[in-house]
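Below is one structure, written out as structure tokens, with a few remarks after it.
Indexing begins at 1, ligand by ligand and atom by atom, following the structure's order. Hydrogens, waters and symmetry mates are skipped; everything else that's a heavy atom, side chains included, is used.
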Amino acid sequence: MQSLLFGSITVDEIDLPATKEKNIRVSVLRLDKIHPVISGNKWFKLKYYIEDAKSQKKEHIVTFGGAYSNHIIATAAAGKLYGFRTSGIIRGEQPKKLSHTLLLAKEYGMQLIFVSREEYRTKKPPKEIEGLSEEIYFINEGGYGQLGVTGAAEILDHCKKENFSHIGCAVGTSTMMAGLIKASLSQQETIGIAVIKNEISLKDELLSLLSPEEKRKKFRLATGYDFGGYAKHKTELINFMNEFYKNSSIPTDFVYTGKLFFGISDMIKKDLFPQNSNILIVHSGGLQGNFSLSKRTLIF
Ligand SMILES: *Cc1c(COP(=O)(O)O)cnc(C)c1O
């Protein structure tokens with residue numbers, strides 16, 4: 001397995017339509033460069049869970065996710081790197097042909113346990129691992145939780161954060177956004193672009209990760225950029241991602257970062273950022289998710 005290259009993270013300034021006349025600057029924190037397959041932000045979110053599992057002398061990590069989950073693959077890879085047995089509880093019946101993501105997770109040594117959608121919702125350990133709970137360290141789906149937030153707060157250590165007026169990120173479980181809010185300076189505003197539909201529960205999930213002081217910081221959860229819901233997409237999004245790649249040479253994924261860049265661009269066009277803003281967009285990786293699209297959908 002190729003090792004993780006935290007030293008290769010860069011901050012790239014890019015042009016987006018309408019930024020010049022409004023005197024807005026946009027830079028991208030390239031967490032996608034850490035590893036070609038394993039998503040950028042998931043490492044940050046996993047770090048303190050792994051340390052916690054070690055200190056509790058647990059040898060077996062169990063987590064949850066869908067067939068294309070960046071979190072599943074990152075957990076499998078972390079297990080391989082740090083010497084844990086890993087099991088992934090996968091939503092839905094076992095398909096005839098495993099997705100790219102699951103094949104790779106298996107290659108990294110993860111045991112895959114498929115459960116029906118109804119059973120998945122209960123988040124109870126299935127029979128394969130029942131009775132092992134003494135030795136198991138459970139991690140929530142998507143790394144949601146306080147230790148995930150602590151790790152995500154370290155994302156901004158990879159740039160000069162004081163340069164920026166706004167920090168933009170994609171929001172799934174909201175763990176990364178909570179970490180960015182935690183690490184943000186008082187004058188900065190964190191903007192989360194929701195990639196799922198349920199904005200009410202998303203807001204609650206975010207708030208429950210923040211301390212009272214963090215709740216008083218500046219942040220916005222922007223909705224309306226989910227393109228139909230989690231992992232849904234439309235031609236308009238794919239066209240945007242191809243165009244964005246032509247202009248910036250930055251690849252994006254259709255589940256998270258494509259919607260993120262689309263959303264921030266749209267907000268700039270609609271004058272939702274003041275003149276002279278200096279926006280940092282966190283490219284959180286996730287490019288392996290594009291394997292689920294048919295070939296030639298994307299030009300990169
Ligand atoms: C998981 C993921 C996110 C969302 O992070 P949350 O902490 O779940 O909100 C964003 N981008 C990518 C590429 C991801 O894999």
When you compare ligand 1 with [X], is there at least one nitrogen or oxygen pair between them that comes in under 3.5 angstrom?
{"X": "S284", "answer": "yes"}
{"X": "G172", "answer": "yes"}
{"X": "G142", "answer": "no"}
{"X": "D253", "answer": "no"}
{"X": "T173", "answer": "yes"}

Item checked: Within reach of ligand 1, part of N41 (heavy-atom separation under 4.0 Å) ->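 Under 4.0 Å from ligand 1, N41 contributes side-chain atoms alone.
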Notebook entry, point to check: Can you tell which part of T175 has a heavy atom less than 4.0 Å from ligand 1: side chain, backbone, both or neither?
Noted result: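 Both parts.
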Going by the order shown, which atoms of ligand 1 are within less than 4.0 Å of some heavy atom of [X]?
{"X": "V171", "value": "9 (O)"}
{"X": "G286", "value": "13 (C)"}
{"X": "G285", "value": "13 (C)"}
{"X": "S39", "value": "13 (C), 15 (O)"}

Notebook entry, point to check: Is there a donor-acceptor contact under 3.5 Å linking the side chains of H283 and T252?
Noted result: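 Their side chains do not contain a donor-acceptor pair, so the 3.5 Å distance test is not met.
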Margin query: Under 3.5 Å, is there a donor on one side chain and an acceptor on the other for H100 and S292?
Written below: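 No, no side-chain donor-acceptor pair sits under 3.5 Å.
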Notebook entry, point to check: Heavy-atom contact under 4.0 Å between K42 and ligand 1?
Noted result: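 A heavy atom of K42 does come that close to ligand 1.
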Note to self: Are H158 and F44 an aromatic pair, judged by ring center distance below 6.0 Å?
What the structure shows: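 Yes - the distance between ring centres of F44 and H158 falls below the 6.0 Å cut-off.
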Check: What residues, two or more places apart in sequence or in another chain, satisfy side chain to side chain donor-acceptor pair (under 3.5 Å) together with E154?
Finding: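 So E154 forms a side chain to side chain donor-acceptor pair (under 3.5 Å) with K47, Y48.
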Next item on the list: Identify, with sequence neighbours excluded, every residue that meets salt bridge (charged side-chain N to carboxylate O under 4.0 Å, His left out) alongside K270.
Entry: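 For K270 the salt bridge (charged side-chain N to carboxylate O under 4.0 Å, His left out) partners, ignoring immediate neighbours, are D266.
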Next item on the list: Walk me through it: do K218 and T190 pass the test side-chain hydrogen bond (donor to acceptor under 3.5 Å, both in side chains)?
Entry: CA-CA 6 Å; K218 291 198 282 184; T190 307; over 6 Å; no
Checklist line | Charged N-O contact under 4.0 Å between R30 and D12 | finding: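 Salt bridge present between R30 and D12.
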Check: Any cation-pi pair here, R220 with F273, using under 6.0 Å and within 45°?
Finding: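 Relative to the ring axis of F273, which defines the angle, R220 lies inside both limits.
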Next item on the list: Decide whether a cation-pi geometry holds between K259 and F227; the criteria are a distance under 6.0 Å from NZ or CZ to the six-membered ring centre and an angle within 45° of the ring axis.
Entry: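 Judged by the rule (NZ or CZ under 6.0 Å from the ring centre, within 45° of its axis), K259 is not positioned above F227.
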Item checked: Candidate with minimal heavy-atom separation from atom 7 (O) of ligand 1, of K259, Q288, K45 ->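 That would be K45.
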